[in-house]
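To find a chain, count down the sequence lines: A is the first, B the second, and so on, and within it residues start at 1.
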Amino acid sequence: MEKSYSHKEIEKNWYKIWVENDLFKADNKSKTTPFSMVLPPPNITGSLHMGHALTFTIPDIINRRKMMQDFNTLWLPGVDHAGIATQMVVEKHLKKEKGLAKEDLGREKFIQFVWDWKKKSEKQIIKQIDKLGLSLDWTRMKFTLDDDMKKTVIRVFVQLYKEGKIYQGTYMVNRCPSCKTVLSDLEVDHREIHGKLTYIKYPLKGKKDDFVVVATTRPETMLGDTAVAVNPEDERYKNIIGQELILPLTNRVIKIIADKRVDKEFGTGAVKITPAHDPNDYDIALKHNLKSVRVIDHNARMTGPIKKKFIGLDRFECREKIINDLKKLGLIEKEEDYVHNVGHCHRCETMVEPDISKQWFLKTSEIAKPAIEVVEKNNVVFIPNKWEKVFFNWMYNIKDWCISRQLWWGHRIPAYYCLECGQIMVEEERPPKCSNCNSTEISQDVDVLDTWFSSALWPFSTLGWNVNSGDFKTYYPTSIMATGFDIIFFWVARMIMMGVHFTGEVPFREVLINGLIRDEKGQKMSKTKNNAVDPLDVIDKFGSDALRFTLAIQAVPGMDISFSMNRIKGYKAFANKIWNASRYVIMNLKGDENFNVDFKKISDTDKWILNFLNNITEKVNDLMDNYRINEAADQIYHFFWHEYCDWYLEFAKNDIDNIDTRKVLKFTLFRLLQLLHPFMPFITEEIYQKIKINEDFLIQTKFPSFNSEMFFIDEYKDIELLKKIIMETRKTRTENRIDPNKKIDIYLKSESEKEREIVSNLLRYFNFLTKSISTEIKNDFSNLPKGFRGVCLNWEILLPFSNNSDRVKELKRLKKEVDKAENQIKKLGEKLSNKEFVTKAPELIVIDFKKNLQVLIDKREKIQKTISDLS
RNA sequence: GGGCGGUUAGCUCAGCUGGUAGAGCAUCGGUUUUACACGCCGGUGGCCAGAGGUUCAAGUCCUCUACCGCCCA
């Protein structure tokens, strides 16, 4: 084995070998219990970030263990076409490369261009994912725009249309002027803006010097005003309701109307009504039968029946001009600083523009109900549970979903229009002629579907629901969906709705929600803040195993993770420790060791480690079954380093010539590699190859579980006692500055004959670990040389002085010790003299306290006796 | 305005159904002993945000307060 651990060397080749050996390939005809997941498909535009690393590593740990437990596993990978994101990126790319806009190419050529680009980009992200070593079945990889995915999307759309759940309608929706498409409510982020509230005077018709003052954050929309509204209860305006105003900068006459939705406290209490460009105004206008005047176009430029000089101006440019013009006319009363919430595009952060247009919608009320029910009945379980509330809250208030997008890259909407009679036909295949007038002049809707529409079908579309495939029959419903809380609405809720509606079954039984990765200071990682840590850099520096372990041990379900370089450094050191411990074991093997350990022949220390390992194995299984991956990782970490390495390997150095101990060494290492494998697949595989007996790869071995043959409680307790005496001896040595390399004589004392016998049988370990030349076990310390004392349980330790100044030092220290013991005795005594505690607490607890008290009292006495001996 | 988290060692964080507080890094002292200095041995460091309550017993359960963060409207 190489002398030093090199993550780069180890992590270089294994993934390829695993994949080539079909280790992750599912077999839908297997008879064992299915366990399946689908990967949240990353965007083809994307590159791997820490969020991915976390959301992918956790299910990989789960999946690898399930594989080792002989489940019939499938973990299906895929990538997402990510409509808006991809189109934007490729458009930029096209501009840069060829100086062309997508319109220059035309729709078909542009889409071809995107496909070419997709092939490269997809390879890139898959290459990055490979570095994490995920146990994905690449033979089943899907892309959201694959032909079979397309077929499913179309079938679903048509069915929903025929059920009346998809409809076309003209409503006010959010439009992003930069992405040039409408958005769903979810794709709009509300952000606080420090803006201005402008008070504009609208003159009353026929009364030049009489005004109604309205306050607005968007003066440019005044050109589209068709009324001014006041609250009917507002005394200030009661007498002018119904009167007419002259809209400045236009010659239009508008009315003053009353509506109780107007907030008397806002501004002057009188508000301008712009039905075409504000959702509230739109509602009010509907009720009052107001005209709608459109003055802003799809690109957020001014348009409509307005003065020529405004036409074509950007909305913000126009705002300045309007304010200037009004100032000149003396129609601006004042401007105030004002903080308000404004919608921004989720994708590009541009301020969205409310806009009336004809779009496709999915009616959600009916399909939401069964989706709520399956969660209520725990057919779908959120982990941690608190996210259910978030889910319910959104589902109870769900609004119809605007699913059409003015993009080219995506699933084309299967709606066809007759150019002759205007008939709308929604069909899976393009109809050859109009169903109404038989015309053959037919064109397809130019819009595509919201990317999340196809995502919502992902768990069943990828498994082949459309053709009722073997995979679908075996692996659906899937077992777990692991994802981030930020897409519970976007994705999880919609998958549940669609899954239940179309398959009659839940898409997954459990939803594992993980937290956000933050930087060391707890700040959100983002490109703009420049605090994002690239997982590939981390893997390069510390290794995939170290990164995976770091994420796992910190992944408290549902909690954010502060990513700290210092921490990963620590787990890289752990990998190094694993490497070296294994190296030691392997170096000492003689080749005649197998895993058939004869439990009758092995030593007490062997039994101790087997018993301990057995306990840890049980705990790890239990924790992992409950998704407490972080605690499982912690258990293994501690056991490997601080029990197996610190103690067992040291114990075993004394018995290395014994074949039975060597067998245990090899066997325990094997078990530990198995436990660790889901967390650190690379290093464990590398080492396994050097000690393997049967299975070719570690993942093919059976994950350990509790074994009643490895239950050695007496030996376990004996060795724990020995450890404590050794620790106390070491402490006494260092505290008294006895040269650590000096071999010395040691005396031990206990009044218990049984314990004396136990320890005397283990003396070779004691001598080795405390650097003792010879150790004598006594039941009495009189007639021995004076020395430093240590007390541990009912044992005493004596290390002879080398000179008189040692004696003085020791006396001083012992007095301190007495004080310490005194304090603890007082504390416990108080507790035990409390009648309520003694009568009400469980007996075992009370006995425990009493035992501890006795131990302390003994300790105090012993020290006091020593003091009088030394004085 | 409604809801949800967080506040534990110098820093970043664990701590399940209540039973004398843990990890990584940092720090201090010792140590180059043939698995490992990415190490070994030993130590320092916490009225678990504050107040009240339930209980024999509270970091853990309940109530309130403060500060920090997130989601929804």
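Nucleotides G50(B) and U32(B) place their P atoms 45 Å apart, quoted to the nearest Å. Across G45(B) and A9(B), the matching C1' atoms stand 6 Å from one another, rounded to whole Å. Annotation: U17(B) and G30(B) have their C1' atoms spaced 44 Å apart (nearest Å). A gap of 41 Å separates the P atoms of G19(B) and C36(B), to the nearest Å. Across the C1' atoms, G18(B) and C62(B) are found 13 Å apart, a figure rounded to whole Å. Straight-line distance between the P atoms of U44(B) and A23(B): roughly 13 Å, to the nearest whole Å. Taking atom P on both C61(B) and C48(B), the two are 16 Å apart, rounded to the nearest angstrom. A51(B) and G15(B): their C1' atoms are spaced 24 Å apart (whole Å).
Among G15(B), G24(B), A35(B), the nucleotide with an atom closest to any side-chain atom of Glu650(A) is A35(B). Checking A35(B), G5(B), G15(B) against the side-chain heavy atoms of Met587(A) singles out A35(B) as nearest.
For Phe549(A) and A14(B), the CZ to P distance is 16 Å, given to the nearest whole Å. Atom-to-atom, OH of Tyr396(A) to P of G3(B) comes out at 16 Å; the value is rounded to the nearest Å. A straight line from CD1 of Ile561(A) to P of G5(B) spans 18 Å, rounded to a whole angstrom. The separation between Trp387(A) atom CH2 and G5(B) atom C1' is 8 Å, rounded to whole Å. Taking atom NZ on Lys619(A) and atom P on G15(B), their separation rounds to 15 Å, with Å as the unit. Whole-Å rounding puts the Ile553(A) CD1 to A14(B) C1' distance at 9 Å. One atom, CG of Asn385(A), and another, P of U17(B), lie 14 Å apart when rounded to the nearest Å. Regarding Asn626(A), its CG atom lies at a distance of 9 Å from the C1' atom of C16(B), rounded to whole Å.
Tyr5(A) and Trp579(A) have tilted rings, their planes meeting at an angle from 30° to 60° on a 0 to 90° scale. Aromatic ring pairs are classed by plane angle as parallel below 30°, tilted from 30° to 60° and perpendicular above 60°; the pair Phe574(A) and Phe549(A) is tilted.
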Could you write nucleotides 38-44 of chain B as a row of B, S and -, 5' to 3', where a protein heavy atom under 4.0 Å of any base atom gives B, of only sugar-phosphate atoms gives S, and otherwise -? BSSSSS-
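When Tyr765(A), Phe612(A), Phe766(A), Tyr644(A) are each tested for a ring-ring contact (aromatic ring centres under 6.0 Å, His included) with Phe651(A), only one passes: Tyr765(A). Only one option out of Phe382(A), Phe392(A), Phe485(A) pairs with Trp387(A) in a ring-ring contact (aromatic ring centres under 6.0 Å, His included); it is Phe485(A).
Residue-level contact check: Arg628(A) touches the bases, meaning some heavy atom is under 4.0 Å from a base atom. Contacts of Glu728(A) with the nucleic acid, taken as non-hydrogen atoms under 4.0 Å apart, are absent. Base contact: Lys653(A) has a heavy atom under 4.0 Å from a base atom. Ile568(A) comes within 4.0 angstrom of nothing in the nucleic acid, heavy atoms only.
Geometrically, Lys653(A) engages Tyr584(A) in a cation-pi contact defined by less than 6.0 Å to the ring centre and at most 45° from the axis.
Nearest-nucleotide positions on RNA chain B for Val390(A) and Asn588(A) put Asn588(A) closer to the 5' end. Taking the nucleotide of RNA chain B with the nearest heavy atom to each of Tyr637(A) and Phe489(A), the more 5' of the two is matched to Tyr637(A).
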Worked check of salt bridge (Lys or Arg N to Asp or Glu O under 4.0 Å) between Glu593(A) and Lys590(A): CA-CA 7 Å; Glu593(A) 303 84 359; Lys590(A) 294 192 174 148; over 6 Å; no
Please report the C-alpha distance between Lys541(A) and Asp534(A) in whole Å, then the side-chain angles of each, then the deciding distance to 0.1 Å, and finally whether the salt bridge (Lys or Arg N to Asp or Glu O under 4.0 Å) criterion is met. CA-CA 11 Å; Lys541(A) 260 194 209 123; Asp534(A) 184 345; over 6 Å; no
Thr483(A) and Asn514(A): side-chain contact (heavy atoms from CB on, under 4.5 Å), yes or no, with the steps? CA-CA 6 Å; Thr483(A) 188; Asn514(A) 56 251; 5.8 Å; no
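Under a cut-off of 6.0 angstrom, the local environment of NZ in Lys690(A) is crowded, with over 12 non-hydrogen atoms contributed by other residues, nucleotides or ligands. Around atom NZ of Lys260(A), no more than 12 heavy atoms belonging to other residues, nucleotides or ligands sit under 6.0 Å away.
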Bracket notation of RNA chain B in which parentheses pair within the strand, [ ] cross earlier pairs, and | pairs with another strand (Watson-Crick or G-U, under 3.5 Å): (((((((..((((.....[..)))).(((((.......))))).....(((((..]....)))))))))))).
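In this model, a donor atom of one side chain and an acceptor atom of the other lie less than 3.5 Å apart for Gln689(A) and Glu685(A).
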